[in-house]
Protein chains: 2
Amino acid sequence: MDTEERLNRAFVALGDPVRRAIIARLSRGPATVNELAEPFDITLQAVSKHIQVLEQAGLVTRTRDAQRRPVHLEPAQLERLTAWIDRYRLEMERRYRSLDALLASAPDAPHDSKEKES
Amino acid sequence: MDTEERLNRAFVALGDPVRRAIIARLSRGPATVNELAEPFDITLQAVSKHIQVLEQAGLVTRTRDAQRRPVHLEPAQLERLTAWIDRYRLEMERRYRSLDALLASAPDAPHDSKEKES
DNA sequence: TCATTGATCAACTGATCTGTTGAATAAGAT
DNA sequence: ATCTTATTCAACAGATCAGTTGATCAATGA
């Protein structure tokens with residue numbers, strides 16, 4: 001599976017509240033499928049599928065401990081998501097700052113830190 | 001629409017490559033629907049729907065300029081996403097660091113910077 | 001007024017997603 | 001061997017999604 005497909009799946013995976021709750025739980029340490037399923041009113045099978053979605057997204061990995069399959073969070077993939085977002089958020093903020101500076105240096109056109117009007 | 005539903009929609013919205021490309025484009029400044037549609041091999045209507053998805057997610061807003069509807073990126077919502085992710089990523093990394101320190105102070109149980117085994 | 005430009009709405013199709021139930025597998029425990 | 005625990009697989013129903021085409025609306029220009 002290529003990097004972009006991983007990114008697609010990772011963002012979509014975080015769009016579900018059950019999966020976000022699983023991520024939140026795993027940030028405090030690995031857990032088995034049963035442990036992860038406990039807070040939810042859905043079947044164990046449904047939770048197992050959510051975990052598979054997170055795994056395909058590269059957000060978690062699984063190990064083996066007897067008949068248990070402990071799930072571990074993968075912070076590296078979380079970091080790739082913030083890296084993607086920050087790249088464009090910071091680009092935009094940079095652009096706004098330089099535009100503000102430009103407008104500030106042209107005293108005949110006042111502005112309110114947006115550029116559309118003026 | 002409540003905050004959690006917004007978060008759901010925003011993450012899902014970023015899971016689509018067309019919508020991510022739209023976000024990337026908007027980081028360089030506002031654009032009309034036609035301008036945003038230009039790079040893609042899908043109909044204008046399809047792009048219009050993608051923009052509506054981004055709008056419902058709080059990731060973009062729209063203004064009015066004659067018959068055009070310029071689309072603007074909303075960096076505040078992008079920041080909410082990174083805030084959510086970082087909260088749990090940093091929590092996990094913090095936990096790992098303190099666990100490593102604990103293991104390092106107990107010389108009878110060597111470790112390899114994971115805690116599951118040992 | 002009529003035509004043009006920019007964008008949206010409505011209805012439909014095929015694909016994907018979340019959940020279910022019931023059966024199967026895998027590893028221990030008795 | 002058998003039983004129990006932990007988990008997954010398979011098949012299905014209902015909902016949602018991305019895309020299409022065709023019609024409509026809103027603002028401007030001739």
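In what follows, chains carry the letters A, B, and so on, assigned in the order in which the sequence lines appear, proteins first and then strands, with residues in each chain numbered from 1. Only a predicted model underlies this, so the values are computations on that prediction, with no experimental measurement involved.
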Might you list the N or O atoms of the protein lying below 3.5 Å from N or O atoms in nucleotides 7-9 of chain D, with each pair's distance?
from: dT7(D); atom 1: OP1; to: Val33(A); atom 2: N; distance (Å): 3.3
from: dT7(D); atom 1: OP1; to: Arg69(A); atom 2: N; distance (Å): 3.1
from: dT7(D); atom 1: OP2; to: Asn34(A); atom 2: N; distance (Å): 2.8
from: dT7(D); atom 1: OP2; to: Asn34(A); atom 2: ND2; distance (Å): 2.6
from: dT8(D); atom 1: OP1; to: Arg62(A); atom 2: NH1; distance (Å): 2.7
from: dT8(D); atom 1: OP1; to: Arg62(A); atom 2: NH2; distance (Å): 2.9
from: dT8(D); atom 1: OP2; to: Ser48(A); atom 2: OG; distance (Å): 2.6

At their closest point, which heavy atom of [X] faces which heavy atom of [Y], and how far apart are they?
X	Y	value
Phe40(A)	Ala21(A)	CZ-CB, 3.7 Å
Ala13(A)	Leu59(A)	CB-CD1, 4.0 Å
Pro75(B)	Met92(A)	CD-SD, 3.6 Å

Would Leu36(A) and Arg25(A) satisfy side chain to side chain contact (heavy atoms under 4.5 Å, CB included), going step by step from the backbone distance to the final call?
CA-CA 8 Å; Leu36(A) 291 172; Arg25(A) 165 63 186 81; 3.6 Å; yes

Tabulate atom names and distances for all N/O pairs under 3.5 angstrom spanning the protein and nucleotides 12-19 of chain D.
from: dA18(D); atom 1: OP1; to: Arg19(B); atom 2: NH1; distance (Å): 2.8
from: dA18(D); atom 1: OP1; to: Arg19(B); atom 2: NH2; distance (Å): 3.0
from: dG19(D); atom 1: OP2; to: His50(B); atom 2: NE2; distance (Å): 2.3
from: dG19(D); atom 1: N7; to: Lys49(B); atom 2: NZ; distance (Å): 3.3
from: dG19(D); atom 1: O6; to: Lys49(B); atom 2: NZ; distance (Å): 2.3

Name of the residue among Glu79(B), Arg80(B), Glu74(B) meeting side-chain hydrogen bond (donor to acceptor under 3.5 Å, both in side chains) with Gln77(B):
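Filter result, single survivor: Arg80(B).
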
Criterion side chain to side chain contact (heavy atoms under 4.5 Å, CB included) on His50(A) and Ile42(A), from CA distance to verdict:
CA-CA 11 Å; His50(A) 278 301; Ile42(A) 57 179; 4.1 Å; yes

For a 4.5 angstrom cut-off between non-hydrogen side-chain atoms, does Arg19(A) reach Ile51(A)?
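Side chain of Arg19(A) against side chain of Ile51(A), heavy atoms only: no contact under 4.5 Å found.
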
Rounded to the Å, how far apart are Arg64(A) CZ and dA26(C) C1'?
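Going from CZ in Arg64(A) over to C1' in dA26(C) covers 6 Å.
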
Rounded interatomic separation in angstrom, taking CG from Leu54(B) and C1' from dA7(C):
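Going from CG in Leu54(B) over to C1' in dA7(C) covers 16 Å.
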
Any luck finding a side-chain donor-acceptor pair between Arg20(B) and Asn8(A) under 3.5 Å?
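Short answer, yes.
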
